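A short write-up of the structure that comes next.
Below, chain A is the first sequence line, B the second, and so on; all start at residue 1. Bear in mind that the values here come from a model prediction, so they are computed numbers and not experimental data. Values below: every heavy atom of this structure, side chains too, minus hydrogens, waters and symmetry copies.
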There are 2 protein chains.
Amino acid sequence: MTRKAGGVGTATRSYHHGYLKAALIAAAGEMLERDGPEAISFRAVARAAGVSQTAPYNHFRGKEDLLATLAEAGFRELEASQLATMGATVPGLERVIRLGLDYVRFASTRPQSYRLMFGVGVSDWRGHQDVAEAKNASFRPIKDALAEYLSSDMTPEAVEIAAIAAWAQVHGLSMLLMDGSLGAARRGHDGGEALVRQVLTQFAAGLVPGAKWPT
Amino acid sequence: MTRKAGGVGTATRSYHHGYLKAALIAAAGEMLERDGPEAISFRAVARAAGVSQTAPYNHFRGKEDLLATLAEAGFRELEASQLATMGATVPGLERVIRLGLDYVRFASTRPQSYRLMFGVGVSDWRGHQDVAEAKNASFRPIKDALAEYLSSDMTPEAVEIAAIAAWAQVHGLSMLLMDGSLGAARRGHDGGEALVRQVLTQFAAGLVPGAKWPT
DNA sequence: TGGTCAAGTTAGCAGCGTCAACATCTGGTG
DNA sequence: CACCAGATGTTGACGCTGCTAACTTGACCA
């Protein structure tokens, strides 16, 4: 399997690279988080990997394919983060809020990844089934947590609406925090954590109006 | 003032164009709505206006400046639409909901404009004061309507939070509808209007929990 | 009438994504 | 072991991009 003596790090750079695809993804990932999706250049990624400008075409159909790979990885990381929060909580409203907090924290921690995932650089992922699936998977935890909390009081359709509203709420808040729409002050020293919690608390108040809400 | 006899439409095309700036904005606006922000090329805009590729530099500092002009115009149109809705409603919760409906409808009707306004093509508008101001202005109606509805029950800080939550809700919903995250079915024959109303109704339920909500 | 300056022009640079044609290495088969 | 096929790399080139520099044109004012 390993094609060079000495292991990954010390692979003697000969004509064939050996781990180019992974190296390209890593280089592109660094460029993404440092300079944003619009600054990623296929040629620069090749350069960073120490390879000619057209070598990447052996591993990706083109630039968009590379970006799709990064976006999918981003959604998988978001999903993992959400699942970790699921594992660290018990069913109930607080779990839903914690998932929201975790979601916005992900976006705030990896803003450029998040922007790429949601259509900056590539208009949408309708043409990339893998990305669309990863996106849906990252949305599942919030959906499930909400369904568990609400299903005894609501129809499945109403639960679905609530889940969409939740996603829109955290997604919109993430975007507004990132693009400066709310002013730098809003992100404050805690990264806007207090603001996020307040918004999520209000959101929670809209679920099952009148019922379940501690008076 | 007018520099050619015969009026705007019949300006004889001589060395000096006369209305280049407006023509460039119009051409760029068409390209924007047809192909999206990432497809706008400064040279193509010049070509569409029938002028050399560098002529636009006499009217815009560069491509980003042109895009900023389009974004600002977009925010001004959004503001006008919101103000029209304000004028067509009376104070109260229904006004807030109508503003939200109008907001999402704007985004759905002019998706490419909306994407440009919120950071696709240019990462953010922090460096363009005019755009930032227009953005804030477009946010004012929702903020004001909410303040009028809530100020008797809430502190100004809480009202501010509610306004941010409202903006995040409609913004997030607009984005998810546009980029296909919710699936084409969600936009249905009514452009997702029913979905939007349900989400907004739930949002409204979260305002002033327990109070004001019709049981 | 003449000069000034805004608003056009052409020429050229470096960088981009992509394709075609060619070179090199590697693993599998006779 | 020799050799060949295919995967993986290379160079070269095309047309496009945003942008700068240097030049030309022409409208307006003293």
Side-chain angles (χ1 to χ4, degrees), chain A residues 1-6 8 11-28 31-32 35-70 116 120-123 127-128, chain B residues 1-8 11-25 27-28 31-32 35-70 116 120-123 127-128:
Chain A
M1 294 308 166
T2 53
R3 40 198 7 190
K4 305 282 184 190
V8 174
T12 58
R13 284 299 320 297
S14 64
Y15 201 89
H16 283 81
H17 183 289
Y19 304 92
L20 222 208
K21 183 161 188 174
L24 291 168
I25 293 175
M31 286 184 54
L32 170 62
D35 307 317
E38 48 272 279
I40 293 185
S41 128
F42 214 46
R43 293 168 93 116
V45 170
R47 239 176 277 133
V51 101
S52 80
Q53 43 188 354
T54 55
Y57 283 94
N58 286 308
H59 302 277
F60 299 96
R61 271 187 279 160
K63 182 184 179 178
E64 185 168 316
D65 194 26
L66 171 58
L67 294 182
T69 302
L70 292 181
L116 172 64
V120 175
V122 175
S123 65
H128 295 259
Chain B
M1 294 307 163
T2 53
R3 39 195 10 184
K4 305 279 188 193
V8 175
T12 59
R13 282 299 319 298
S14 63
Y15 200 90
H16 283 81
H17 185 287
Y19 304 93
L20 221 207
K21 183 161 188 174
L24 291 168
I25 294 174
M31 284 184 55
L32 171 62
D35 306 318
E38 48 271 279
I40 294 184
S41 129
F42 212 45
R43 292 167 95 116
V45 170
R47 240 176 277 133
V51 100
S52 81
Q53 38 189 327
T54 56
Y57 285 94
N58 285 305
H59 302 278
F60 300 95
R61 271 188 282 162
K63 182 184 179 179
E64 185 169 315
D65 194 27
L66 171 59
L67 294 181
T69 301
L70 293 180
L116 172 64
V120 176
V122 175
S123 65
H128 295 259

*Tell me, do His128(A) and Glu64(A) make a side-chain contact under 4.5 Å, heavy atoms counted?*
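Counting from C-beta outward, His128(A) and Glu64(A) do come under 4.5 Å.
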Whole angstroms only, please: what is the [atom1]-[atom2] distance between [X] and [N]?
X        : N       : atom1 : atom2 : answer
Arg47(A) : dT11(D) : CZ    : P     : 14 Å
Glu38(A) : dG18(D) : CD    : C1'   : 15 Å
Leu24(A) : dT8(D)  : CG    : C1'   : 12 Å
Lys21(A) : dT8(D)  : NZ    : C1'   : 13 Å
Gln53(A) : dA13(D) : CD    : P     : 12 Å

*Think Arg43(A) has a side-chain N or O under 4.0 angstrom from the OP1 or OP2 of dT17(D)?*
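No, no such contact exists.
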*Check each residue of residues 57-65 of chain A for a non-hydrogen atom within less than 4.0 Å of any atom in DNA chain D, then write out the ones that pass by number, or none.*
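Contacts with DNA chain D under 4.0 Å: Asn58(A), His59(A).
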So, taking the atom named [atom1] in [X] and the one named [atom2] in [Y], what distance separates them when rounded to the nearest 0.5 Å?
X        : Y        : atom1 : atom2 : value
Asp65(A) : Phe42(A) : CG    : CZ    : 7.5 Å
Arg61(A) : Leu66(A) : CZ    : CG    : 12.5 Å
Phe60(B) : Lys21(B) : CZ    : NZ    : 5.0 Å

*Closest heavy-atom pair and its distance - Leu70(A), Ala28(A)*: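 Taking Leu70(A) first and Ala28(A) second, the nearest heavy atoms are CD1-CB, 3.8 Å.
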*Checking all strands, does Ser52(B) fall into the base, sugar-phosphate, or nothing category for heavy-atom contacts under 4.0 angstrom?*
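The answer is base, as Ser52(B) lies within the cut-off (heavy atoms under 4.0 Å) of a base atom.
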*Ignoring hydrogens and angles, does a donor from either the side chain of Thr54(A) or the base of dT18(C) sit under 3.5 Å from an acceptor on the other?*
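Looking at the base of dT18(C), it does not pair with any donor or acceptor on the side chain of Thr54(A) (distance under 3.5 Å).
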*I would like to know whether Asn58(B) and Leu20(B) meet side chain to side chain contact (heavy atoms under 4.5 Å, CB included); could you show each step before the answer?*
CA-CA 9 Å; Asn58(B) 285 305; Leu20(B) 221 207; over 6 Å; no
